[in-house]
2 protein chains.
Amino acid sequence: MRQTKRDELVRKALETFYRNGFHATGMDLVAAETGVSKTSMYKHFRTKEDLIVAVLRLRDENFRNWLYRRMEELADTPREQLIAMFDALEEWFAEPGYKGCMFIKASSEYQESDHPIHRQSADHKSMLEAHITQLADRAALADPGTLARQLLLLKEGAIVTAHLGHTDNPAQDAKAAALQVLDAHTR
Amino acid sequence: MRQTKRDELVRKALETFYRNGFHATGMDLVAAETGVSKTSMYKHFRTKEDLIVAVLRLRDENFRNWLYRRMEELADTPREQLIAMFDALEEWFAEPGYKGCMFIKASSEYQESDHPIHRQSADHKSMLEAHITQLADRAALADPGTLARQLLLLKEGAIVTAHLGHTDNPAQDAKAAALQVLDAHTR
DNA sequence: GACATAATGAACTGATCGGTACACCTTGAT
DNA sequence: ATCAAGGTGTACCGATCAGTTCATTATGTC
């Protein structure tokens with residue numbers, strides 16, 4: 001039952017890393033912002049990178065749960081849920097602290113493809129792809145694998161474009177494109 | 001004519017920052033890899049961030065020149081050139097040292113939207129958007145502004161997906177989606 | 001040959017980096 | 001009352017960070 005303190009550390013570290021970046025955030029700042037002593041932090045995690053991996057695991061769980069739930073709340077059929085993904089994204093982009101995708105940023109700061117942090121980020125994207133493919137399949141759409149990857153290209157594009165901030169409403173641009181791509185996969 | 005040394009510094013610093021990341025690269029490493037003494041570096045640029053801005057300016061020039069030229073080489077009509085963008089991207093992704101988009105990474109490491117580095121990155125994307133919009137207009141396609149933004153969403157998505165590396169050929173997935181989006185904008 | 005300009009190497013500053021050492025405190029179960 | 005587990009605060013380690021100082025060396029112009 002004493003998992004609490006460790007969980008709190010990871011939860012608050014997530015916010016700090018998300019807001020501040022990985023290399024730009026020192027472990028002293030993490031300690032200060034989580035309220036957990038450096039000594040304890042290093043009892044739970046041997047290195048900073050281990051902590052980041054744990055943070056990404058939590059982020060993966062949170063984000064996928066949120067996105068899947070929101071898609072189901074916004075639409076009833078699998079086909080409509082695929083499109084609703086972009087309305088969910090629009091909500092996310094509108095949040096005050098929106099700072100892009102944590103996994104894209106993580107893989108940008110830890111670039112070697114065999115680095116645990118990079119791998120963890122790629123795994124997150126793979127799990128998303130599997131879920132969306134399954135949804136496209138249930139919607140009886142042609143070539144569900146390709147379709148899922150294409151919808152996710154639009155998603156990733158919208159995420160980084162929303163973060164760059166040079167464009168008004170990338171989520172709705174993506175949604176319109178998604179409708180057209182989805183039409184092309186309808187027999 | 002003595003612009004040479006400064007140019008060489010910026011050119012080589014670009015490689016170092018691209019390969020290594022921004023925060024992860026110290027100025028001592030930049031000095032070592034460029035062969036320019038730290039003293040000289042700081043005569044040309046007051047701060048590290050000033051150097052990074054100069055690097056991004058060069059990158060913007062190089063990348064836009066390369067992409068526009070390649071699109072023209074690969075296709076004759078504006079419409080075909082829009083699609084050829086994704087073949088050009090595929091070539092880029094296949095290069096040995098491919099490490100994603102320098103501007104996405106820069107804006108991820110300098111997140112505040114009014115930071116000069118973030119601004120510079122957003123400006124690069126805006127200039128791309130203007131060019132692609134113009135091309136869509138010359139191709140007599142409906143709603144060229146929206147179409148351009150949608151094609152660029154696919155481009156950004158393909159860039160980050162290629163860097164994550166969990167997918168086979170994001171450039172061709174994007175190209176297929178682009179064809180469908182483009183069809184929808186054909187009257 | 002004198003002179004300004006540009007560049008160099010190397011040592012240095014104070015701050016911060018990731019990570020450790022150590023002595024102390026709190027908690028709950030026995 | 002005791003004991004172990006988990007947590008704390010503080011000071012510290014050597015390395016590296018961005019940026020500076022300074023004396024020296026090329027370079028080309030007049």
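We name chains A, B, ... by the order of the sequence lines, and we start the count at 1 in each one. As a basis for the values below, the full set of heavy atoms in this structure was taken, side chains included, without hydrogen atoms, waters or symmetry mates.
- By the 4.0 Å N-to-carboxylate-O rule, A:Glu73 lies close enough to A:Arg70 to be salt-bridged with it.
- Proximity note for B:Lys38 (side chain, C-beta onward) versus D:dG19, D:dG7, C:dG19: the nearest is D:dG19.
- For D:dC17, the OP1/OP2 oxygens have no side-chain nitrogen or oxygen of A:His23 closer than 4.0 Å.
- Both A:Val36 and B:Thr47 lie near DNA chain D, and the one whose nearest nucleotide falls closer to the 5' end is A:Val36.
- Side-chain polar atoms of A:Asp76 and A:Gln81 form no donor-acceptor pair below 3.5 angstrom.
- Mapping A:Asp28 and A:Thr39 onto DNA chain C via the closest heavy atom, the residue that lands nearer the 5' end is A:Asp28.
- Looking at A:Arg64 and A:Asp60, a side-chain N of the basic residue comes within less than 4.0 Å of a carboxylate O on the acidic one, giving a salt bridge.
- Under 3.5 Å, the side chain of B:Lys48 and the base of D:dG19 form no donor-acceptor pair of N or O atoms.
- Close to C:dT8, at under 4.0 Å from its OP1 or OP2, lies a side-chain N or O of B:Lys5.
- For the OP1/OP2 pair of C:dT8 and a distance below 4.0 Å, the side-chain nitrogens and oxygens of B:Ser37 include at least one atom meeting the criterion.
- No side-chain donor from either of B:Thr161 and A:Glu156 sits under 3.5 Å from a side-chain acceptor of the other.
- For A:Lys43, counting side-chain heavy atoms from C-beta on, the closest listed nucleotide (D:dG7, D:dG19, C:dA7) is D:dG7.
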